[in-house]
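Heads up: the structure comes next, in structure tokens.
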Amino acid sequence: MGSELKSVSVTETGDARAQGGGTATTGYHGPVPNADGLLPTASAEIRHTGNASAAAGSIANTGYMAIGTLNITSSGSREPVTWPARVGVPPVTASAFQPRNEVRGRINCALQSRNTVVLSGGGGVGKSQIVAAYAREALTEGIDFVLWAGAADPEQVMAVYAQAAYRIHVPGAHGQDVESDARALLDWLATTTRSWLLILDDISDPHAMAPWWPPSSPTETGRVLATTRRREAALSGGNRSVVHVDTFTKSEAVAYLHDRLTVEDAAPLMDDQVGPVIEELGRLPLALSHAAAYVINEAVSCTEYLRRVNDQESRLDLLLPRQADTEGYGRPVAAALLLSLDAANSSHPVGLAIPALRLAAFLDPAGHPRSLWGTTALAEYLAERRAETSGPTPAVTADDAQAVLRQLHRYGLLTDESDGDPRLVRLHALTARAARETIPVPELAGIVIAAAYAVLELWPEEDHNAPDLGAVLRANVEVMSACLGVPRWSSIVHPLLFRHGDSLLQAGLYPAALRYWRRLSINYQRLLGKKDFVTLAVRGREATANWRTGNIDEAIAIQKHVAAQYKRRKGAKHQDTLNALVNLAIYYRNAGRGGDAIALLNRVIRRDNALAADNPSTLNLGNNLAAAYGNAGFFGEAINLLEVVVAQSAEVLGDKHPATLLARSNLGVNYWRATRVDEAIQLLEPTVAEFEAVLGADHPETLNACSNLGMVYHFVGNLAQAIRCEEKIADSRERSVGAHHADTLQAQELLATSYGIAGRIDDAIRLQKQVVAAHAGSRTADPSDYLRSSGNLAVIYRQVGCTSEAIEIQEMIVASAEEVFGRGQPISLAARGNLATSYWQAGRVDEAIDLEERVAQECEQLLGVGDPQTINAYGNLAVSYMQADRIVEAEEILDRFGLSLD
């Protein structure tokens with residue numbers, strides 16, 4: 001065949017989207033250049049092609065595209081993505097791993113019809129090993145993306161999703177906002193053409209996991225496997241299939257022990273009592289692994305092992321009575337565990353295995369950092385426990401701690417891995433539970449306190465320095481709390497409880513932080529009293545969490561109490577008192593009480609003798625004072641102070657530090673308020689871009705700066721740019737907090753208003769209808785929100801002359817408002833006034849006048865003659881009188897209220 005290019009005609013093509021380094025063309029993708037670098041000459045007619053979009057280093061074209069050599073260089077500083085990519089570490093393959101063919105057959109069958117399969121079964125039945133095998137096979141087969149996440153806590157899943165999104169350069173994932181990056185990964189999974197496998201191991205709360213299930217793969221290239229011990233209907237929702245996993249079959253159990261002992265040259269130990277041993281252990285894979293380790297390490301036959309298990313029966317019945325076995329674990333599992341533990345405790349280093357396992361039993365089964373075994377707290381705890389049982393002995397060294405860790409690993413009591421995952425040491429939940437139940441009650445508190453100090457010793461000073469480690473440590477604290485019982489845990493006075501709560505705030509997990517600090521506050525007030533300094537510190541953080549979640553009145557009430565107690569107990573000039581007053585001023589400012597905030601901050605300045613211009617606390621104080629000045633209308637004072645703060649902050653902290661960017665954003669707003677709009681735009685545009693680069697597009701401070709810029713664009717009449725800002729904010733809110741959240745609806749309503757002003761009526765109506773429907777469908781929404789949003793929809797209809805639609809909506813609003821709030825309430829009067837305006841615009845002047853007369857009279861009676869709503873009602877009535885040629889009556893109203901129709 002020749003290389004001649006024939007004529008091409010292309011028309012009415014669809015849309016195309018590219019991401020992840022790909023290329024998309026809607027239209028015609030032509031040949032590459034010839035050897036001379038020129039395109040072949042031929043005719044090509046392309047008409048009515050669709051839209052094309054690109055992200056993450058991709059190429060999109062609408063029309064005609066012909067490319068020869070194309071070099072693309074990443075714009076970011078991150079390492080390039082290497083496919084296939086793996087995030088998260090599945091457990092190592094068990095020794096003598098059994099393929100579980102019958103179970104895998106049911107899983108494969110389920111995957112043919114649904115992309116998500118949940119493995120449900122009791123602890124220790126081998127669910128994690130089964131799905132880990134799928135993960136390893138996926139990598140071998142070249143699946144592009146494989147993710148493994150421990151799912152006992154949705155926050156753990158969120159953290160792994162966020163890590164994955166950042167690592168594989170998902171659009172919108174900047175490594176600054178965990179929840180935003182996690183949602184970006186889910187969006188990417190829903191659209192990517194790459195093949196992927198996600199594994200969610202050990203889901204403990206299916207309802208809490210609901211927002212984090214990966215989406216269905218429209219291209220059928222994605223699969224999800226999950227494991228859980230739970231059995232409930234929620235697991236099979238969302239088009240998921242559930243496969244129940246039981247213990248080994250008899251043949252699998254025999255094969256496991258045969259393979260396990262043979263590889264260790266211990267096959268002669270597998271005598272004719274292997275069958276009774278298997279049945280005594282309930283064929284549970286976890287129990288068999290303990291038994292195999294014990295037989296190998298102690299070189300005992302199956303007959304002797306069975307005798308020892310039975311010898312331990314009475315003691316084990318006391319430690320794990322059948323009637324208390326609510327999870328169905330059974331006595332045989334505990335028997336295998338305790339035999340292995342006794343043997344490990346008798347090996348070098350002698351006397352450390354039992355206390356070490358008991359401490360590890362209070363940590364997250366999904367894993368804890370290996371560095372915990374090098375902490376001073378753990379060494380001191382092990383030394384104390386060994387001294388209690390063996391008398392005076394040498395101190396426990398770091399080498400001893402590492403040795404007992406390896407000993408526990410060899411006996412199959414935990415898994416000590418050696419790769420880069422933060423969760424290197426894993427302890428099965430069943431093993432942990434059995435170990436905890438052996439602890440004498442008098443020793444319980446000491447073990448928990450030791451574990452708490454060991455975790456605290458690992459925690460970085462600031463979470464952003466090691467976000468993955470912070471997430472792992474939070475998960476471990478949650479497990480400690482659950483093991484001890486939340487009420488009991490929250491009654492412990494320990495610095496770890498403060499560090500955990502601070503970490504929730506630093507990570508931006510504000511709802512979780514509020515629940516945590518509120519619970520701790522209640523317990524500490526009861527335990528220590530409301531005036532105790534520890535209680536006051538907790539209550540201060542409770543106030544911060546309330547502020548961050550929008551409960552500003554509650555934040556102010558709590559903080560006023562905290563500040564008053566510090567002043568009374570420590571004095572007006574004590575740093576704790578001054579810090580409490582600064583926080584109170586921040587809450588005042590956010591509540592619109594700018595005057596109170598200014599007075600309070602000036603009082604702090606007069607009292608604080610330690611203020612220095614280059615101190616970050618001083619800069620923060622200056623920024624807050626300037627913001628309060630601006631909110632109160634003192635724009636000149638705000639600008640003068642902020643210009644100093646911005647310059648000083650850039651010098652001390654750096655020009656891209658979040659505190660510097662925040663001061664710049666505040667300065668830009670105050671330039672705008674002072675009508676210095678050119679300076680405002682010149683400052684805010686790069687500030688928004690740098691906020692996005694430093695904190696991420698969905699960070700609250702980024703959105704605030706973007707909102708400020710949008711307001712300035714509105715002020716100068718640049719509607720196109722204002723709408724771009726508002727679209728960014730609305731999209732971000734929906735990603736971050738959900739489509740029906742109040743913040744999302746507020747952002748969408750503002751955007752709909754801007755669409756209407758810009759003449760994009762179809763967009764305005766569509767979006768406003770969406771907001772109205774969301775308010776109507778919310779059981780917790782304030783009825784006034786629904787009525788207000790419906791009124792805004794009516795206004796849009798009225799603006800474009802659709803008066804009949806506007807009147808229909810407003811008549812409904814009047815009826816609803818009078819039913820819910822009463823006829824004489826301001827919201828009902830306003831609704832009737834708006835309806836009258838629509839009557840007037842539709843030419844129904846007599847009906848408008850009749851309604852306006854009644855509204856005006858009722859406003860005057862209920863609100864007073866000088867109330868703005870009363871004056872507005874009479875003003876509208878005057879306009880209607882004029883249109884009806886009732887000039888005298890109109891002029892009487894205008895004279896009475898000093899109004900003009902100009």
Side-chain angles (χ1 to χ4, degrees), residues 13-27 29 49-62 65 72 74-76 78 80-88 111 113-117 138 142-147 149 157-158 160-175 177-200 209-226 238-240 692 696-698 727-728 730-739 744 770:
T13 61
D15 296 340
R17 180 180 180 185
Q19 63 180 21
T23 303
T25 299
T26 175
H29 190 168
T49 57
N51 298 320
S53 60
S58 303
I59 301 172
N61 179 64
T62 176
M65 180 170 72
I72 300 177
S74 172
S75 62
R78 286 183 275 174
V81 183
T82 302
W83 302 100
R86 184 197 78 174
V87 174
L111 286 172
S113 58
R114 300 184 181 182
N115 81 315
T116 300
V117 175
I143 298 298
D144 290 326
F145 176 55
V146 178
L147 178 146
V157 176
M158 194 192 314
V160 176
Y161 282 4
Q163 175 193 358
Y166 184 79
R167 183 178 298 177
I168 65 173
H169 298 195
V170 166
H174 305 289
D177 185 306
V178 173
E179 185 170 351
S180 171
D181 289 358
R183 293 187 185 280
L185 178 70
L186 294 179
D187 292 341
W188 180 80
L189 293 173
T191 57
T192 184
T193 57
R194 288 192 176 276
S195 56
W196 53 267
L197 172 66
L198 262 66
I199 296 178
L200 304 174
M209 266 297 300
W212 301 108
W213 281 106
S216 297
S217 174
T219 57
E220 297 185 353
T221 57
R223 295 290 184 266
V224 182
L225 292 175
N239 201 34
R240 294 183 288 271
E692 289 183 1
D698 294 331
E727 286 174 336
K728 275 186 180 180
D731 291 344
S732 174
R733 294 296 191 200
E734 185 168 357
R735 283 194 306 271
S736 301
V737 295
T744 303
Q770 182 177 317

Could you tell me the separation between the [atom1] atom of [X] and the [atom2] atom of [Y], rounded to the nearest 0.5 Å?
{"X": "Asp181", "Y": "Tyr166", "atom1": "CG", "atom2": "OH", "answer": "9.0 Å"}
{"X": "Leu225", "Y": "Thr116", "atom1": "CG", "atom2": "OG1", "answer": "8.5 Å"}
{"X": "Met158", "Y": "Gln163", "atom1": "CE", "atom2": "CD", "answer": "14.5 Å"}
{"X": "Ser180", "Y": "Leu185", "atom1": "OG", "atom2": "CG", "answer": "11.5 Å"}
{"X": "Ser732", "Y": "Glu727", "atom1": "OG", "atom2": "CD", "answer": "13.5 Å"}

Measure across [X] and [Y] and return the closest heavy-atom pair with its distance rounded to 0.1 Å.
{"X": "Val178", "Y": "Ala162", "result": "O-CB, 3.4 Å"}
{"X": "Ser195", "Y": "Gly142", "result": "OG-O, 4.3 Å"}
{"X": "Ala184", "Y": "Gly172", "result": "CB-C, 4.4 Å"}

Main-chain N/O of [Y] paired to [X] side chain as donor or acceptor, under 3.5 Å:
{"X": "Tyr161", "Y": "Trp212", "value": "yes"}
{"X": "Arg167", "Y": "Arg86", "value": "yes"}
{"X": "Thr744", "Y": "Ala739", "value": "no"}

4.5 Å side-chain heavy-atom contact, [X] and [Y]:
{"X": "Leu198", "Y": "Val146", "result": "no"}
{"X": "Asn115", "Y": "Glu220", "result": "no"}
{"X": "Asp731", "Y": "Arg733", "result": "no"}
{"X": "Leu147", "Y": "Leu197", "result": "no"}
{"X": "Val117", "Y": "Arg240", "result": "no"}
{"X": "Pro84", "Y": "Ile143", "result": "no"}
{"X": "His174", "Y": "Asp698", "result": "no"}
{"X": "Pro214", "Y": "Leu200", "result": "yes"}

Check your understanding: For Phe145, which of Val81, Ile168, Thr221 qualifies under side-chain contact (heavy atoms from CB on, under 4.5 Å)?
Key ->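 Exactly one candidate clears the test, Ile168.
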
Exercise for review: With sequence neighbours excluded, tell me which residues meet side chain to side chain contact (heavy atoms under 4.5 Å, CB included) with Gln770.
Suggested key: Gln748, Arg766, Leu767

Exercise for review: Look at Glu734 together with Arg183 and state whether they make a salt bridge at an N to O cut-off of under 4.0 Å.
Suggested key: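 Not counted as a salt bridge, because no side-chain N and carboxylate O are separated by less than 4.0 Å.
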
Check your understanding: Do the numbers put Arg223 on top of the ring of Trp196, so that NZ or CZ is under 6.0 Å from the six-membered ring centre and no more than 45° off the axis?
Key -> no

